[in-house]
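It should be emphasised that the depicted structure is a prediction, and the values quoted were computed from it without experimental measurement. Numbers restart at 1 for each chain; the letters A, B, ... are given by sequence-line order, proteins then strands.
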2 protein chains.
Amino acid sequence: MDIQKLIDKGFAVKTFKKDAIIYEPGMQPRYVYFIKSGEVRMVTISDEGKEFIQGVFKAGQYFGEPALLIDRPYLAFTIINKDSHIIQVSKDDFFGLIENEPGFSMSIIKTLSKRLFYKSMMLEELANEKAEHRLLTIINYLLAEVKVGEQLKVTRQELADMTGLRVETVIRGVKSLSSKEEIFMVRGKIVRVK
Amino acid sequence: MDIQKLIDKGFAVKTFKKDAIIYEPGMQPRYVYFIKSGEVRMVTISDEGKEFIQGVFKAGQYFGEPALLIDRPYLAFTIINKDSHIIQVSKDDFFGLIENEPGFSMSIIKTLSKRLFYKSMMLEELANEKAEHRLLTIINYLLAEVKVGEQLKVTRQELADMTGLRVETVIRGVKSLSSKEEIFMVRGKIVRVK
DNA sequence: TTCTAAATATGATGCAGATCATAAAGTGCT
DNA sequence: AGCACTTTATGATCTGCATCATATTTAGAA
């Protein structure tokens with residue numbers, strides 16, 4: 001689904017500032033959110049206040065469908081990472097798009113499949129693998145998204161929040177992986193070398 | 001999608017015996033599998049041989065679409081739990097069903113959303129929560145599927161394989177939850193009381 | 001350039017859950 | 001009823017990562 005198409009259809013664009021919360025756990029879903037610009041993170045927060053990053057969504061992507069489609073309250077927070085322009089599409093309008101926009105339902109199916117794939121991979125890691133293995137897995141996953149020679153712009157804290165580890169553990173782990181040449185660093189940043 | 005409808009359309013039913021492996025990690029996906037009868041489990045296995053149960057599928061359900069749809073090799077094993085009758089639908093036929101069967105694409109979207117929901121929940125648990133909390137979460141999740149007064153027919157080993165814990169830890173955890181009356185047992189089995 | 005906050009670094013200690021070992025109940029089969 | 005196999009049980013020890021404390025380095029703002 002092209003964002004411009006939605007705007008042409010008359011859907012309104014809303015502005016959200018960094019750190020704004022779009023929805024939080026327990027809320028009943030009413031919209032699907034299409035990102036025109038900016039970035040959001042979807043996180044669950046434990047009783048002790050520890051964040052776990054369920055996903056990051058950027059311009060051109062949408063989020064919030066699963067809870068809406070199965071009609072269950074949200075499990076996660078969705079928080080604005082960078083000032084964003086977002087289109088809220090109501091449940092009825094969303095169902096309308098699925099019915100009437102050719103190819104849209106297939107696009108949703110593929111998007112959901114991709115996310116499911118990522119979560120299956122991470123579940124296996126969290127259930128069975130040790131810190132360094134987990135780290136190497138997400139790092140390689142993230143590296144696949146950047147060009148050869150470019151660096152990952154994630155902090156150790158973010159890696160921690162994606163793997164369920166602690167910053168200190170991530171810092172030590174990244175060091176160790178680097179010394180074993182399983183990953184490569186340039187001025188403190190992880191880079192893709194091939 | 002009704003299984004009978006598939007049979008009427010001429011799709012062949014294959015028989016699989018307990019413990020047969022339908023596919024394993026690394027294989028390129030070619031089919032979507034519809035279960036006419038029986039049960040399969042989808043598991044990932046760590047280097048040290050530890051199983052993690054990604055999902056269990058029963059009569060009327062289908063599995064194997066995500067990898068096929070995003071055209072990536074399987075991450076998991078799918079193994080027959082109980083002798084089964086299964087219909088293999090090729091990629092082209094599957095796309096055909098999505099295009100032509102009214103309501104089928106919506107059904108897939110909902111199914112994928114539900115699985116995503118479960119995986120998000122488990123990721124949060126594995127990333128942030130301690131053994132007993134994890135246990136209580138899947139137990140309650142599983143109890144929602146059975147009637148009041150009925151018991152869960154899962155072994156401690158299966159609970160371990162769903163939570164990434166060890167049998168001994170599950171046994172101790174279940175004992176502890178039971179003594180705190182957070183769950184209720186009848187003759188060694190967890191029962192739903194309300 | 002200087003100040004401040006965020007990110008990275010590193011050592012010391014503690015603890016939940018893994019691991020190992022061994023036994024007691026169940027459960028199904030003949 | 002007897003046997004083999006699976007599941008549950010329980011204690012003892014070990015260990016990876018969390019936790020706590022305290023620097024040091026880097027980045028962004030004034």
Side-chain angles (χ1 to χ4, degrees), chain A residues 18-19 41 45-53 81-83 124-139 151-180 183-191, chain B residues 18-19 41 45-53 81-83 124-139 151-180 183-191:
Chain A
K18 182 172 160 60
D19 297 329
R41 71 180 186 280
I45 302 184
S46 74
D47 311 333
E48 299 90 57
K50 201 179 157 208
E51 279 199 16
F52 176 76
I53 299 177
N81 269 351
K82 300 175 187 164
D83 291 2
E124 154 69 11
E125 291 292 327
L126 297 201
N128 282 332
E129 307 293 354
K130 300 215 201 324
E132 278 192 26
H133 192 286
R134 287 193 215 178
L135 269 173
L136 189 54
T137 299
I138 13 99
I139 288 173
Q151 62 185 25
L152 275 193
K153 37 185 189 351
V154 286
T155 64
R156 315 280 135 124
Q157 182 62 60
E158 285 167 330
L159 288 175
D161 290 346
M162 284 188 273
T163 52
L165 299 169
R166 291 292 172 168
V167 221
E168 298 92 326
T169 307
V170 171
I171 288 167
R172 291 183 243 252
V174 165
K175 277 245 156 90
S176 166
L177 287 170
S178 165
S179 77
K180 290 175 193 161
I183 62 177
F184 298 88
M185 314 282 299
V186 170
R187 286 191 298 102
K189 293 287 169 190
I190 300 162
V191 293
Chain B
K18 182 173 158 60
D19 296 331
R41 71 179 185 280
I45 301 183
S46 74
D47 310 335
E48 300 92 56
K50 200 180 159 208
E51 280 198 14
F52 177 76
I53 299 177
N81 269 351
K82 300 175 185 164
D83 294 1
E124 154 70 10
E125 290 292 326
L126 298 201
N128 281 333
E129 306 293 354
K130 298 218 201 324
E132 278 192 26
H133 192 286
R134 287 193 215 177
L135 269 172
L136 189 54
T137 300
I138 13 97
I139 288 173
Q151 62 185 26
L152 274 192
K153 33 183 195 348
V154 287
T155 64
R156 316 280 136 125
Q157 182 62 59
E158 285 167 330
L159 289 175
D161 291 345
M162 285 187 273
T163 51
L165 299 169
R166 292 294 174 166
V167 219
E168 297 93 326
T169 307
V170 171
I171 288 168
R172 291 184 244 251
V174 165
K175 276 245 157 92
S176 165
L177 287 170
S178 164
S179 77
K180 290 176 195 161
I183 61 176
F184 297 88
M185 315 282 299
V186 170
R187 285 193 298 104
K189 295 286 169 189
I190 300 162
V191 293

### Query
Hey, is the side chain of B:R156 poking within less than 4.0 Å of OP1 or OP2 on D:dT7, counting only N and O atoms?
no

### Message
Quick check against the 3.5 Å criterion: does B:T163 have a side-chain atom that pairs as donor or acceptor with the backbone of B:L159?
### Response
yes

### Query
With respect to B:V170, which candidate in B:L165, B:D161, B:T155 satisfies the side-chain contact (heavy atoms from CB on, under 4.5 Å) definition?
B:L165

### Summary
note: A:M185, atom CE; D:dT25, atom C1'; distance rounded to Å ~ 14 Å

### Message
Tell me if the NZ atom of B:K189 is crowded by more than 12 foreign heavy atoms within 6.0 Å.
### Response
yes

### Summary
Taking C:dT19, D:dT8, C:dT10 as options, the one with an atom nearest any side-chain atom of B:T155 is D:dT8

### Query
Rounding to a whole Å, what distance do you find between A:I171:CD1 and D:dT25:P?
14 Å

### Message
I need the CZ-C1' distance between A:R172 and D:dC17, as an integer number of Å.
### Response
9 Å

#### Entry: For atom CG of A:L152 and atom P of C:dT8, their distance in whole Å
12 Å

### Message
Does a side-chain N or O of A:K130 approach OP1 or OP2 of C:dA18 to a distance below 4.0 Å, or not?
### Response
no

### Message
Tell me the interatomic distance from B:K18, atom NZ, to D:dT6, atom C1', rounded to whole angstroms.
### Response
12 Å

### Task
Calculate the interatomic distance between A:E168 atom CD and D:dT24 atom P; express it in whole Å.
17 Å

### Query
Tell me: NZ of A:K153 to P of D:dG28, nearest whole Å?
14 Å

### 5'-most by nearest nucleotide on DNA chain D - A:K189 or A:R134
A:R134

### Query
Contact class for A:G164 (heavy atom, under 4.0 Å): base, sugar-phosphate, or nothing?
sugar-phosphate

### Non-hydrogen atoms of B:R166 and B:A160 that approach each other most closely
C-CB, 3.9 Å

### Task
Would you kindly give the CZ-to-C1' distance between A:R187 and C:dA9, to the nearest whole Å?
18 Å

#### Entry: Exam field: side chain A:R156 to backbone A:V167, donor-acceptor pair closer than 3.5 Å
no

### Summary
Per atom distances to the B:T169 side chain, the nearest of D:dA9, C:dA9, C:dG17 is C:dG17

### Query
If only side-chain N and O atoms of A:R166 are considered, is one of them under 4.0 Å from the OP1 or OP2 phosphate oxygen of D:dC17?
no

